[in-house]
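Here is the naming used below: chain letters follow the sequence lines, and residue numbers restart at 1 for every chain. Note that these values count all heavy atoms, side chains included, but never hydrogens, waters or copies made by symmetry.
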Amino acid sequence: MPELPEVEVTRLGISGHLVGNKVVGVCVHSAKLRSMVPPELAGVLTGQKIQSVERRGKYLILKCSAGSLLVHLGMTGHLRIVAGGRAAGPHDHFDLLFASGVLLRLNDVRRFGSLHWTAADPAKHKLLSGIGPEPLTGAFSAEYLYQKSRGRKVAVQPFIMNSAVVAGVGNIYAAESLFACGVLPTTPAGSLSAADCAKLAAAIKEVLSRSIATGSSSMDFCREDGKLAYFPQTLGVYDREGEPCRECGGKIRRGRFGNRSTFFCPNCQH
DNA sequence: AGAATTACCTGAGCGC
DNA sequence: TGCGCTCAGGTAATTC
């Protein structure tokens, strides 16, 4: 399930194939994603040259002179560069055909992904305008996290998963970051000390950048059979309920916020 | 008003 | 075989 590192590696992988390349066709195999694929997409994209491929949180932004295509991969979505003419398979929903002969193909088993078109500055689009700082930039700092969390009673895990607080941190990396810095996911955000916030901000940056580094060295988007799945990384706590903690050997426990699971080591996290 | 919580979209995979 | 349940991210809706 793509989180920020997977989206960033996708961006790095597809960017070189797309920038400067002209869209010569749009093929919508299925318009029914989490939100309907905008019907005007073929009309506005055909003939456009991709100027840049950017990322904001978990959104990819394909910038053209007439506007921008926003792509969200949801839980199971992935984008792949494939040879033109290759037949669409199950769960292939959308293709952009390029002048160079390649296709950018969106595959999404569970259809949680979405596509949006905006003619204006994408940063002003309502899906992006309310998003908090990028976690890998200086704007997301210990000081920022400390100030932002003051007075907040919500548990720190859902707090850092709130995209208005910080962009692109999902369930897996939230749990991993909290394990990495020794903070229990149930801790009220407002009760974190300045030192806790410093450790947590550093842990989020470390966990995300390590995953991007791992992913970008192992992915090959040119391969038609290349799969975008979990990066071959070792998870410390996520989905390891009952298994031994890699630090202390104690049992990893599962907790719950609403209908979201969290995983933690009660011995290593306080 | 602003924060916290809940529902919703989807479909694979699971247990029974 | 088939039903009911779970899970995921992010937004909208609702409650507090």
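Side-chain proximity of A/M161 to C/dG9, B/dA3, C/dC7: nearest is C/dG9. Checking C/dA12, C/dC7, B/dA12 against the side-chain heavy atoms of A/K126 singles out C/dA12 as nearest. Checking B/dT5, C/dG9, C/dC7 against every side-chain atom of A/V154, the shortest atom distance belongs to B/dT5. Which of C/dA8, C/dT11, C/dA12 sits closest to the side chain of A/Y59 comes down to C/dT11.
Judged by distance alone, with hydrogens and angles left aside, A/R260 brings a side-chain donor or acceptor within reach of the base of C/dG9, the pair sitting under 3.5 Å.
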Before you tell me yes or no, could you show the steps for A/R11 and A/E54 under salt bridge (charged side-chain N to carboxylate O under 4.0 Å, His left out), namely the whole-Å CA-CA distance, both residues' side-chain angles and the distance that decides it to 0.1 Å?
CA-CA 7 Å; A/R11 188 186 74 78; A/E54 300 172 17; over 6 Å; no
Check the pair A/S65 / A/Q48 against side chain to side chain donor-acceptor pair (under 3.5 Å), numbers first and verdict last.
CA-CA 7 Å; A/S65 58; A/Q48 290 290 307; 3.2 Å; yes
Going through the checks in order, is the side chain to side chain donor-acceptor pair (under 3.5 Å) test met by A/T118 and A/H116?
CA-CA 7 Å; A/T118 176; A/H116 313 267; over 6 Å; no
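When rounded to the nearest whole Å, the span between CZ of A/R256 and P of B/dA4 equals 21 Å. For the pair A/N107 CG and B/dA12 C1', the computed distance is 14 Å after rounding to whole Å. Distance A/E6 CD to C/dG9 P: 11 Å, rounded to the nearest Å. Between the CG atom of A/L33 and the C1' atom of B/dC9 there is a distance of 11 Å, rounded to whole Å. Atoms CG (A/N162) and P (C/dG9) sit 14 Å apart, rounded to a whole Å. C/dC7 atom P lies 20 Å from atom CG of A/D108, rounded to whole Å. When the P atom of B/dG11 is taken as reference, atom CZ of A/F112 falls 9 Å away, rounded to whole Å. With rounding to whole Å, A/F159 atom CZ is found 18 Å from C/dG9 atom C1'.
A continuous path of hydrophobic side-chain contacts links A/F98 to A/L60 [ILVMFWY only; heavy atoms under 4.5 Å]. Hydrophobic cluster membership is shared by A/Y173 and A/L192, with clusters built from Ile, Leu, Val, Met, Phe, Trp and Tyr side chains linked at under 4.5 angstrom.
Phosphate contact (OP1/OP2 of B/dC9, side-chain N/O of A/S35, threshold under 4.0 Å): absent. Regarding contacts with the backbone of C/dA8, a side-chain N or O of A/Y238 is found under 4.0 angstrom from either OP1 or OP2. Side-chain N/O atoms of A/H72 include one lying less than 4.0 angstrom from OP1 or OP2 on C/dG10. The phosphate of C/dG10 (OP1 or OP2) has a side-chain N or O of A/K58 nearer than 4.0 angstrom. Look at A/H91 and you'll find a side-chain N or O under 4.0 angstrom from OP1 or OP2 of B/dA12. Taking only side-chain nitrogens and oxygens, A/S163 comes nearer than 4.0 Å to OP1 or OP2 of C/dT11. Checking the phosphate oxygens (OP1, OP2) of C/dG10, no side-chain nitrogen or oxygen of A/R34 falls inside 4.0 Å.
For A/P158 and A/R111, each mapped to the nucleotide of DNA chain B holding its nearest heavy atom, the one lying further toward the 5' end belongs to A/P158. Between A/A155 and A/K32, the residue anchored closer to the 5' end of DNA chain B is A/A155, taking for each the nucleotide with the nearest heavy atom. Toward the 5' end of DNA chain C, the nearer of the two residues A/I131 and A/R110, judged by each one's closest nucleotide, is A/R110.
A/K58 places no side-chain N or O within 3.5 Å of a backbone atom of A/G74 that could act as its donor or acceptor partner.
Among the atoms of the strands shown, none is found under 4.0 Å from any heavy atom of A/R56. Within 4.0 Å (heavy atoms only), A/S114 reaches no atom of the nucleic acid at all.
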